[in-house]
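Here the structure comes first, spelled out in structure tokens, and everything after it is commentary.
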Amino acid sequence: MADQLEILRLPYACGAEVRGVDLRAYSDQQFGQIRAAWLENLVIVIRNQNVTDDQLTSFGQRFGVLDELPPVGKGQKPRDNKYISVISNVIEDGVPIGGLADDEVIWHSDTSYREKPPSASILYSLKLPAWGGDTGFANMYLALETLEPALRKKVDRLEIKNDITYNAGGQLREGFEPVKDVTKCPGAIHPIIRTHPETKRNCLYLGRRRNAYIPGLKVEDSEALLDQLWSHATQDFLNWHHKWKVGDVVIWDNRCTMHHRDNFDPKTHRIMHRAQARDDLRPARDFTVPDTPHDRGRVYLGNVAL
Ligand code: OGA
Ligand code: MN
């Protein structure tokens with residue numbers, strides 16, 4: 001079929017490259033393949049793209065309801081397209097053009113402190129630094145599958161309060177007070193094990209480590225349990241790091257992955273445009289669904305070349 005895309009599964013715990021598509025013009029059938037590859041591989045990369053903010057927005061809208069993204073840089077003016085935010089260390093006339101600067105960004109799932117967090121995040125690279133700035137993605141189905149059974153049992157019905165106070169770069173959000181007591185800080189409460197609403201598979205859903213709290217436990221017990229979960233979920237075998245090229249569009253599924261960014265050369269510039277779509281659902285656990293092994297070789301999509 002002329003419309004058929006190539007899906008190249010990457011030899012890591014998650015990730016696939018989708019080839020043969022131009023995001024300025026694609027068919028519904030091709031979008032169907034992109035979406036299926038995303039669900040199956042958790043993260044997809046589409047290289048060599050050249051899209052405007054509006055084209056990125058229309059692509060993003062096909063994944064769900066786009067979140068409006070306020071300007072992230074302090075003092076930054078609203079952008080023309082309210083669905084696109086900028087991730088960058090560039091400063092123009094003393095004002096950052098985007099967020100997250102040039103530091104390491106710790107492992108997290110996007111805006112898990114909301115009641116209805118985004119399902120898809122989309123990042124498009126326009127300018128890259130001399131070194132660093134790779135983005136890592138970790139497979140949370142596999143994290144659950146490989147969790148030590150006693151720990152798996154212990155967290156079965158527990159939840160995490162996902163603190164909103166700091167962003168993933170560690171900066172205090174405007175209008176929030178520094179956290180003194182994790183039991184009191186604001187943020188949504190979600191199950192530690194969630195059932196993905198589309199794939200119907202269970203996975204770990206940890207949000208981010210900073211100021212996380214397991215309601216009902218003593219703070220020291222919550223800290224100890226969270227430390228165990230995090231040291232498991234951030235192991236190398238669960239992740240894949242993407243080395244960016246200009247023109248890459250990467251789409252990840254926040255429901256079943258976490259991501260991390262390496263720091264990068266602060267003397268050079270990195271510019272990414274970003275959109276996020278939500279499925280408009282609260283993360284939930286379906287207790288009738290058993291854990292299933294995450295078999296990456298199971299589904300074939302397009303011309304699988306690996
Ligand atoms: C994000 C994010 C990482 C990066 O956009 O949500 O965490 O590589 N970005 O810039
Ligand atoms: Mn993020």
Side-chain angles (χ1 to χ4, degrees), residues 14-15 38 42-47 53 56-57 59-60 63-64 66-73 76 79 81 83-90 96-114 117-140 162-171 173 187-188 205-210 212 233-234 239-266 268-278 283:
C14 56
W38 172 68
L42 294 61
V43 189
I44 53 170
V45 49
I46 309 175
R47 294 202 187 264
D53 281 356
L56 197 60
T57 306
F59 177 63
F63 283 87
L66 286 188
D67 282 326
E68 286 188 25
L69 303 171
V72 271
Q76 200 188 323
R79 308 189 73 254
N81 184 323
Y83 300 113
I84 300 287
S85 68
V86 180
I87 302 292
S88 184
N89 63 331
V90 172
I97 67 162
L100 297 180
D102 51 40
D103 297 324
E104 176 188 359
V105 177
I106 54 165
W107 285 106
H108 67 284
S109 176
D110 286 328
T111 54
S112 57
Y113 47 81
R114 291 193 185 158
S119 41
S121 293
I122 302 172
L123 210 51
Y124 170 47
S125 72
L126 291 129
K127 199 169 177 140
L128 292 171
W131 55 260
D134 295 355
T135 309
F137 298 93
N139 180 335
M140 293 297 105
N162 292 260
D163 173 50
I164 185 174
T165 314
Y166 301 87
N167 70 18
Q171 291 106 1
R173 289 180 207 278
Y205 188 60
L206 302 181
R208 61 195 65 190
R209 178 65 185 90
R210 189 182 283 117
T234 54
N239 68 50
W240 156 60
H241 274 73
H242 178 56
K243 283 199 183 308
W244 292 91
K245 284 187 189 146
V246 168
D248 287 352
V249 172
V250 171
I251 307 116
W252 64 88
D253 187 337
N254 280 298
R255 298 167 292 191
C256 54
T257 60
M258 296 203 294
H259 56 283
H260 171 279
R261 186 190 73 193
D262 299 334
N263 66 326
F264 59 88
D265 183 355
T268 59
H269 291 156
R270 184 179 191 266
I271 304 177
M272 311 294 224
H273 282 194
R274 179 180 192 293
Q276 68 186 39
R278 60 178 192 278

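Numbering of ligands and ligand atoms starts at 1, following listing order.
- Protein N, O or S atom count below 2.8 Å of the Mn ion (ligand 2): the structure gives 3.
- The pair Arg278-Asp67 meets the salt-bridge criterion, with a side-chain N (NZ, NE, NH1 or NH2) lying under 4.0 Å from an Asp/Glu carboxylate O.
- The side-chain contact (heavy atoms from CB on, under 4.5 Å) test with His108 singles out one residue from Arg208, Met258, Arg210, and that residue is Arg208.
- Taking 4.5 Å as the limit, every side-chain heavy atom of Ser119 sits out of range of all side-chain heavy atoms of Phe63.
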What are the polar N/O contacts of ligand 1 with the protein below 3.5 Å, with distances?
residue  : atom   : partner : partner atom : Å
ligand 1 : 5 (O)  : Arg274  : NE           : 2.6
ligand 1 : 6 (O)  : Asp110  : OD1          : 3.0
ligand 1 : 6 (O)  : Asp110  : OD2          : 3.3
ligand 1 : 6 (O)  : His259  : NE2          : 3.4
ligand 1 : 6 (O)  : Arg274  : NE           : 3.2
ligand 1 : 6 (O)  : Arg274  : NH2          : 2.9
ligand 1 : 7 (O)  : His108  : NE2          : 3.3
ligand 1 : 7 (O)  : His259  : NE2          : 3.1
ligand 1 : 8 (O)  : Thr135  : OG1          : 2.6
ligand 1 : 8 (O)  : Arg270  : NH2          : 2.8
ligand 1 : 10 (O) : Arg270  : NH1          : 2.8

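- In this structure, the side chains of Asp248 and His242 come closer than 4.5 Å at one or more pairs of heavy atoms.
- Using a 4.5 Å heavy-atom threshold, the side chains of Leu42 and Phe137 count as separate.
- A heavy-atom distance below 4.5 Å is not found between the side chains of Asn81 and His273.
- With hydrogens and angles left out, the side-chain atoms of Asn239 and His260 include no donor and acceptor closer than 3.5 Å.
- Using a 4.5 Å heavy-atom threshold, the side chains of Asn167 and Arg173 count as touching.
- Side-chain N/O atoms of Asn254 and Ser121 include a donor and acceptor closer than 3.5 Å.
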